[in-house]
**Student:** 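Provided herewith is a single structure, encoded as structure tokens, for subsequent inquiry.
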Amino acid sequence: MNHYFETDMLLGVNAFFYFYFFDDLYYIEDIQQAFRNVCLDKMLSDGYFDMSAYIFGRLKKEDIYARLVASKSRYAVLYQGRFPNKNTASSVWRQKMGEESYNDDTNSSQCELTYLESSAIVNWVYKTLKNSEERNTFTKDLLGQIKELHGIQNDIRFSKGVVYNAEKVEIHFLSSVSSVNSYVSSLKKEAGTLFFRGHADPNYILRPSIMRTPRLLQNESKIYHELIINCPDDFEKCHTHLEKLVKMQHYGLPTRLLDITRNPLVALYFACESNPESYGELVLISPENHEIKYPQSDTVSILASLPVFSYEKQQEFGRLASDPTVSQHDFNKKVARLLHEVRLEKPAFLSEIKKDDLVSSFIVYALKNNDRIIKQDGAFILCGLSDGNRSLEEFRYRENGKKVVILIDGKKKLLEQLETFSINRAALFPEIECVAEYLKNKYTS
């Protein structure tokens, strides 16, 4: 088993007390995986994560239980009855999840935990601690034992329940529309073209929906083709693969597009619209000029054609593009099928694909051909065949070599302020069913 936590180090009295109880739970693979999904992976990839909802006990038991039940998760049983304390946590886990889940030599999760399940498990562990003071101390001690973080221990900082690497990340907490506007205005002079994205949970990793789970990505081609086969009339007016992807994204199908906007207030709305128990995040995206493309770009046509091909073929394209021993000339010979697909869309396309383009991501301006894109001042990030998270992190705005992270506090108040600027769900989702839902909620709540 790959051990993430060392518990045999000399610890202070408090740390030893906490890890005496956690050491036993640690050997459960599901709990290891849950902590990796919620905090370790985020810290390693992005340099920060938000534990405030767990530390301050903001997650509602009944809400988590309802969501686990709705998703038919086996972990719903953890939320039946009272939470255990430190002394009884191990035995309660055995009782509810079974002895087999406790075997550190043979146990391996039968499937990947969803983020909901991971969050529920982490919250369950934190609920075994009495108060926010104990949970905060536990969090600090926990980070001190993660081997992957040993090299940056002196740079780890805590602020309002958020953990971050001060060497690489600069955190700002903002709590009003005016403070957001002032901060963004101060950046525009030196940042060039800025785009924005709102995350209702700062622990969300910047990644398109199709890349959130291996199973989705492995079935991208099937998802793409089957929607077109089953709903051909909806795609009659789509003349390019990009137009098809945009329509699929519009209706909630996972794609390799990531929604962004040129309007910071639109992004701020999405940062505040849900998850009231956590901070929101206003993601600042600052690409170089050559990374911004128009819909008619040949590079865009190439990347938008990728869903046509099977996962195995995409992997083959990616290996060839990343192989320094494959010349540009030989590469284009070996990706002839991709060249042919692009030429079906663009007969005048010069039959040459740059290797670097295939493993890169680009900002794409959206055609203003539907009301939602117009209202949201929308654009997209179109992802190539590289590691989605790593390549997208390169777009993040930085100052003095540090990534700037804007966390939003006081979501309810901000939503009220945004309402005065006509930034609300009805304005951003102008379809009649969305406007009707907005009006119903407005006059019944």
**Student:** Any donor-acceptor pair under 3.5 Å linking the side chain of Gln314 with the backbone of Ser221?
**Tutor:** no
**Student:** Minimum heavy-atom separation for Pro208 and Leu392, please, with both atom names.
**Tutor:**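 Of all heavy-atom pairs spanning Pro208 and Leu392, the closest is CD-CD1, 3.9 Å.
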**Student:** Could you tell me whether a side-chain N or O of Arg256 sits under 3.5 Å from a main-chain N or O of Cys383, the two making a donor and an acceptor?
**Tutor:**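 Looks like yes, one N/O pair under 3.5 Å.
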**Student:** Under the criterion salt bridge (Lys or Arg N to Asp or Glu O under 4.0 Å), I'd like the reasoning laid out for Glu312 against Arg319: C-alpha separation, chi angles, the key distance, then a yes or no.
**Tutor:** CA-CA 11 Å; Glu312 292 72 24; Arg319 284 193 296 270; over 6 Å; no
**Student:** Is it the case that Lys403 places NZ or CZ above or below the six-membered ring of Tyr397, under 6.0 angstrom from the centre and within 45 degrees of the axis?
**Tutor:** no
**Student:** If we check side-chain contact (heavy atoms from CB on, under 4.5 Å) with Thr255, which of these qualifies: Lys247, Glu220, His250, Gln249?
**Tutor:**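 For Thr255, the side-chain contact (heavy atoms from CB on, under 4.5 Å) check succeeds only for Gln249.
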**Student:** Take Asp377 and Lys368 through the test salt bridge (Lys or Arg N to Asp or Glu O under 4.0 Å) and record every step on the way to the result.
**Tutor:** CA-CA 9 Å; Asp377 201 2; Lys368 305 296 185 182; 3.3 Å; yes
**Student:** Measure from the side-chain N and O atoms of Glu277 to the backbone N and O of Ala53, and report whether any donor-acceptor pair falls under 3.5 Å.
**Tutor:**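 Checked: no pair found.
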**Student:** Is the charged tip of Arg58 near the ring of Tyr279: under 6.0 Å from the six-membered ring centre and within 45° of its axis?
**Tutor:** yes
**Student:** Output yes when Glu281 and Arg396 qualify as a salt bridge under the 4.0 Å nitrogen-oxygen rule, no when they do not.
**Tutor:** yes
**Student:** Apply the side-chain contact (heavy atoms from CB on, under 4.5 Å) test between Phe49 and each candidate in Asp41, Ile205, Asn203; give the one that qualifies.
**Tutor:**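 Testing Phe49 for a side-chain contact (heavy atoms from CB on, under 4.5 Å) against Asp41, Ile205, Asn203 leaves exactly one candidate, Asn203.
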**Student:** Compare every heavy atom of Leu142 with every heavy atom of Phe35, then report the nearest pair and how far apart it is.
**Tutor:**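 Heavy-atom minimum between the residues: CE2-CD2, 3.5 Å.
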**Student:** Under 3.5 Å, side chain of Lys313 to main-chain N/O of Leu338, donor-acceptor pair present?
**Tutor:**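 Side chain of Lys313 to backbone of Leu338, a donor-acceptor pair under 3.5 Å: no, none is there.
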**Student:** Side chains of Ser118 and Asn37: any donor to acceptor distance under 3.5 Å?
**Tutor:** yes
**Student:** I'd like to know if the side chain of Tyr54 pairs up with that of Ser119 as donor and acceptor (distance under 3.5 Å, no hydrogens or angles considered).
**Tutor:**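 Yes - a donor-acceptor pair under 3.5 Å links their side chains.
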**Student:** If you compare all heavy atoms of Tyr365 against all heavy atoms of Ala379, which two are closest, and at what distance to 0.1 Å?
**Tutor:** CA-CB, 4.4 Å
**Student:** Looking at Tyr48, is Lys42 sitting on its ring face, NZ or CZ under 6.0 Å from the six-membered ring centre and within 45 degrees of the normal?
**Tutor:** yes
**Student:** Please find the pair of heavy atoms, one from Pro202 and one from Gly280, that lie closest to each other, and give the distance.
**Tutor:** CG-O, 4.2 Å
**Student:** Return yes if some donor-acceptor pair links the side-chain N/O of Asn424 with the main-chain N/O of Ala427 below 3.5 Å, else return no.
**Tutor:**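 Yes, because the side chain of Asn424 sits within donor-acceptor range (under 3.5 Å) of the backbone of Ala427.
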**Student:** Should the pair Arg36-Glu29 be classified as a salt bridge under the 4.0 Å nitrogen-to-oxygen rule?
**Tutor:** yes
**Student:** Under 4.0 Å between a side-chain nitrogen and a carboxylate oxygen: does that hold for Lys375 and Asp371?
**Tutor:**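 Salt bridge between Lys375 and Asp371, a charged N being under 4.0 Å from a carboxylate O: no.
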**Student:** Yes or no on salt bridge (Lys or Arg N to Asp or Glu O under 4.0 Å) for Arg425 and Glu273, after CA distance, side-chain angles and deciding distance?
**Tutor:** CA-CA 9 Å; Arg425 188 162 187 83; Glu273 69 163 342; 3.5 Å; yes
**Student:** When the aromatic ring centroids of His172 and Tyr183 are compared, is their separation below 6.0 Å?
**Tutor:** yes
**Student:** Carefully, step by step, assess Glu134 and Lys86 under the rule salt bridge (Lys or Arg N to Asp or Glu O under 4.0 Å).
**Tutor:** CA-CA 11 Å; Glu134 278 198 4; Lys86 294 189 293 290; 3.3 Å; yes
**Student:** Please confirm whether Tyr79 and Phe83 have ring centers closer than 6.0 angstrom.
**Tutor:** yes
**Student:** Taking atom NZ as the centre, does Lys168 end up with more than 12 heavy-atom neighbours from other residues, nucleotides or ligands that are less than 6.0 angstrom away?
**Tutor:** no
**Student:** When you compare the side chains of Ser52 and Asp50, does any donor N or O come within less than 3.5 Å of an acceptor on the partner?
**Tutor:**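 Per modelled atom types, Ser52 and Asp50 side chains form a pair under 3.5 Å.
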**Student:** Assess, by modelled atom type and distance only, whether the side chains of Ser178 and Ser176 contain a donor and an acceptor separated by less than 3.5 Å.
**Tutor:** yes
**Student:** Report, as yes or no, whether the 6.0 Å neighbourhood of atom CG on Asn289 holds more than 12 heavy atoms from other residues, nucleotides or ligands.
**Tutor:**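 Not buried by this count: 12 neighbours or fewer within 6.0 Å.
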**Student:** Might you point out which heavy atoms bring Cys39 and Met51 nearest each other, and give the distance in Å?
**Tutor:**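 Distance-wise, the nearest heavy atoms are CB-SD, 4.2 Å.
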**Student:** Quick check: Phe138 with Tyr126 (ring centres under 6.0 Å apart)?
**Tutor:** yes
**Student:** Is the closest side-chain donor-acceptor distance between Tyr164 and Asp46 under 3.5 Å?
**Tutor:** no
**Student:** So does Lys354 have more than 12 non-hydrogen atoms from other groups sitting under 6.0 Å from NZ?
**Tutor:**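 No.
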**Student:** Taking atom types as modelled and ignoring hydrogens, do the side chains of Ser305 and Glu341 form a donor-acceptor contact shorter than 3.5 angstrom?
**Tutor:** no
**Student:** Determine, for Asp323 against Lys334, whether the closest basic-nitrogen to carboxylate-oxygen distance falls under 4.0 angstrom.
**Tutor:** no
**Student:** Is there a donor-acceptor pair closer than 3.5 Å between any side-chain N or O of Arg197 and the backbone N or O of Leu282?
**Tutor:** no
**Student:** Taking the side chain from Gln376 and the backbone from Val266, do they hold a donor-acceptor pair closer than 3.5 Å?
**Tutor:**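 Side chain of Gln376 to backbone of Val266: no pair is present.
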**Student:** Run the numbers on Val246 and Ile373 for side-chain contact (heavy atoms from CB on, under 4.5 Å), then give the verdict.
**Tutor:** CA-CA 10 Å; Val246 170; Ile373 288 177; 3.9 Å; yes
**Student:** Quick check: does any side chain N or O of Lys402 sit under 3.5 Å from a backbone N or O of Glu167, one acting as donor and the other as acceptor?
**Tutor:**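 No, Lys402 side chain to Glu167 backbone: no donor-acceptor pair under 3.5 Å.
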**Student:** Give, for atom OG1 of Thr261 and atom CZ of Phe195, the distance between the pair rounded to the nearest 0.5 Å.
**Tutor:** 9.0 Å
